[in-house]
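What follows is one structure encoded as structure tokens, with my remarks underneath.
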Amino acid sequence: MKLILSLTIILTCNLCYCQHQSEPFLSEITTKFPNVRDIAISPDGNEILFTAQSVMGNLSTIILVQKIKGPWNDAKVASFSGQYFDLEPCFSPDGLKLYFVSTRPLDDSMKPKDFDIWYVERSSLKSSWSEPKNLGAPINTEHGEFYPSIADNGNFYFTRDDTSKNRKDDIYVSVLKNGVYQEPEALPDTINSDSYEYNAFIAPDESYILFGGYNRTDGLGSGDIYISKRTENRWLKAENLGSEINSDKMDYCPFVKNGVLYFTSKRDHTQIKHEQPLDLDSLIKELNKVNNGSSKLYQILFKANKTD
């Protein structure tokens with residue numbers, strides 16, 4: 001894995017101070033795929049899961065990369081994926097469950113369903129994953145559910161596109177109470193809006209939440225990553241993370257581990273003006289650079305100050 005740039009982002013109530021730009025993550029592996037999005041790193045740091053998609057995004061498979069006594073191994077299709085449209089993996093805090101999103105059928109009828117959250121289990125970190133199971137009610141409904149993220153206390157955050165409401169995608173939380181998930185509730189309007197909110201990452205202690213927001217008035221591009229901090233009683237108004245993270249293209253799918261923010265971006269730094277004609281090798285190199293407008297993974301050091 002490439003070394004991370006020496007960078008600290010310090011987020012205060014209203015400001016974001018940065019010193020360097022983000023850099024591509026795991027590019028020696030992700031550039032093998034037309035598009036890559038969303039990432040989950042296991043609690044012990046030895047497994048990475050991400051989603052590989054076709055050029056048009058109509059084929060979607062979860063990919064596994066493992067670290068065994070050294071560097072990252074070659075990528076392979078996760079044992080539970082590869083047949084259906086799968087994406088957005090998320091480990092449980094103990095690493096023994098893995099949640100993901102899929103349109104796979106509920107039974108042998110092979111009739112595709114809308115987007116639901118599924119999960120696989122294992123008895124130990126070295127064991128194989130079980131067959132996928134649908135998470136069921138109250139989290140899954142007849143609407144689409146996406147992008148699970150779990151706090152250390154088990155509270156379950158996700159996106160739902162409830163078409164029965166006069167809104168677009170919203171972020172919900174289902175509180176775990178006595179081992180049972182309660183009826184999900186939408187987060188307040190300091191986070192959700194009449195537009196699209198999605199891809200929420202919850203801090204393990206629920207002190208902040210990162211999420212994607214589409215075409216907001218303070219946005220830098222089509223979609224940006226925002227942060228909302230939590231006081232004892234409420235979620236504060238969400239703020240754009242700024243130009244050191246967000247670009248003028250789509251930036252989404254945040255994930256934080258060990259002081260590093262990983263995210264997906266479609267930023268495009270393709271050089272289109274040249275003093276001399278390109279030869280074929282130079283052209284191919286420029287077309288296939290990491291930040292060429294396709295969806296890829298990025299990283300940047302990150303620190304969110306707690307609210308007083």
Side-chain angles (χ1 to χ4, degrees), residues 37-52 60-68 72-73 75-107 113-141 144-160 171-185 198-206 209-211 253-258 262:
R37 55 160 292 169
D38 50 68
I39 182 173
I41 302 177
S42 61
D44 65 4
N46 291 327
E47 299 169 279
I48 291 177
L49 290 163
F50 60 84
T51 302
S60 187
T61 299
I62 295 175
I63 301 297
L64 168 67
V65 183
Q66 292 176 296
K67 182 186 291 185
I68 303 175
W72 294 108
N73 290 355
K76 60 182 180 181
V77 175
S79 61
F80 52 87
S81 191
Q83 182 177 2
Y84 303 104
F85 193 101
D86 301 329
L87 71 165
E88 300 178 348
C90 171
F91 283 96
S92 63
D94 63 6
L96 298 182
K97 276 189 178 182
L98 182 89
Y99 299 87
F100 65 99
V101 176
S102 181
T103 59
R104 62 186 58 210
L106 290 174
D107 51 38
K113 195 184 182 299
D114 64 341
F115 288 97
D116 269 355
I117 296 174
W118 293 68
Y119 69 94
V120 289
E121 300 176 284
R122 58 186 178 184
S123 57
S124 73
L125 297 181
K126 295 183 179 180
S127 301
S128 300
W129 291 113
S130 68
E131 290 298 311
K133 303 174 185 178
N134 190 284
L135 187 57
I139 293 175
N140 288 330
T141 64
E145 282 79 32
F146 306 89
Y147 211 82
S149 184
I150 307 167
D152 279 348
N153 61 11
N155 290 346
F156 199 99
Y157 292 75
F158 64 100
T159 302
R160 177 180 288 167
I171 299 166
Y172 286 73
V173 60
S174 177
V175 173
L176 185 65
K177 187 175 181 179
N178 297 323
V180 178
Y181 280 116
Q182 306 302 299
E183 188 65 32
E185 295 184 2
Y198 46 86
N199 297 163
F201 170 84
I202 188 64
D205 61 359
E206 295 183 296
I209 189 170
L210 300 174
F211 65 94
C253 296
F255 176 85
V256 177
K257 186 173 178 64
N258 296 335
Y262 303 90

Check [X] against [Y] and note the closest heavy-atom contact, atom names and distance.
| X | Y | result |
| --- | --- | --- |
| S128 | R122 | O-CB, 3.4 Å |
| A203 | A151 | O-CB, 4.2 Å |
| A40 | P89 | CB-O, 3.4 Å |
| P93 | P43 | O-CG, 3.4 Å |
| V120 | S130 | CG1-O, 3.4 Å |
| S60 | T51 | OG-CG2, 3.2 Å |

Pairing residues for F156 by the ring pair (Phe, Tyr, Trp, His ring centres under 6.0 Å) criterion, not counting sequence neighbours =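 With sequence neighbours excluded, F156 shows a ring pair (Phe, Tyr, Trp, His ring centres under 6.0 Å) to Y99, Y181, given in chain and number order.
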Interatomic distance, [X] atom [atom1] to [Y] atom [atom2] [nearest 0.5 angstrom]:
| X | Y | atom1 | atom2 | answer |
| --- | --- | --- | --- | --- |
| T61 | L87 | OG1 | CG | 10.0 Å |
| R160 | F115 | CZ | CZ | 15.5 Å |
| L106 | N134 | CG | CG | 5.0 Å |
| D114 | E145 | CG | CD | 6.5 Å |
| I202 | F158 | CD1 | CZ | 13.0 Å |
| L125 | D44 | CG | CG | 5.0 Å |

Residue pair Y198 / C253, side-chain heavy-atom distance below 4.5 Å =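 No, too far: nothing below the 4.5 Å cut-off.
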key: Salt-bridge present (E183, K177; N to O < 4.0 Å)   =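 Salt bridge between E183 and K177, a charged N being under 4.0 Å from a carboxylate O: no.
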ask   = Salt-bridged, K133 to E121, with N to O below 4.0 Å?
value =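 Yes.
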query = Tell me the salt bridge (Lys or Arg N to Asp or Glu O under 4.0 Å) pairs involving residues 79-89, sequence neighbours left out?
reply =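 Of all non-adjacent pairs touching residues 79-89, those that pass salt bridge (Lys or Arg N to Asp or Glu O under 4.0 Å) are R37-E88, D86-R104.
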Under a 3.5 Å distance rule, please check whether [X] uses its side chain to pair with a backbone N or O of [Y] as donor and acceptor.
| X | Y | answer |
| --- | --- | --- |
| S42 | E47 | yes |
| N140 | I117 | yes |
| K76 | Q66 | no |
| S81 | I62 | yes |
| S92 | K97 | yes |

key: Geometric class of the F80/W129 ring pair [parallel <30°, tilted 30-60°, perpendicular >60°]   =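 Aromatic pair W129/F80 classed perpendicular.
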ask   = Among all residues two or more places apart in sequence or in another chain, which pass the side chain to side chain donor-acceptor pair (under 3.5 Å) test with E206?
value =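 Side chain to side chain donor-acceptor pair (under 3.5 Å) check on E206 returns N153, N155, Y157.
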message = Which residue is it: Y147, Y262, F211? I am looking for the one with a side chain to side chain contact (heavy atoms under 4.5 Å, CB included) to P254.
response =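 Per the side chain to side chain contact (heavy atoms under 4.5 Å, CB included) rule, the option paired with P254 is Y147, out of Y147, Y262, F211.
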request  = Please test I63 against L49 for side chain to side chain contact (heavy atoms under 4.5 Å, CB included), starting from the C-alpha separation and ending with a verdict.
outcome  = CA-CA 5 Å; I63 301 297; L49 290 163; over 6 Å; no
message = Is it true that N199 and D38 share a donor-acceptor pair across their side chains at a distance under 3.5 Å?
response =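 Their side chains do not contain a donor-acceptor pair, so the 3.5 Å distance test is not met.
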task = Could you walk me through whether I48 and I39 pass side chain to side chain contact (heavy atoms under 4.5 Å, CB included), step by step?
result = CA-CA 7 Å; I48 291 177; I39 182 173; 4.0 Å; yes
task = Walk me through it: do C90 and I150 pass the test side chain to side chain contact (heavy atoms under 4.5 Å, CB included)?
result = CA-CA 8 Å; C90 171; I150 307 167; 4.3 Å; yes
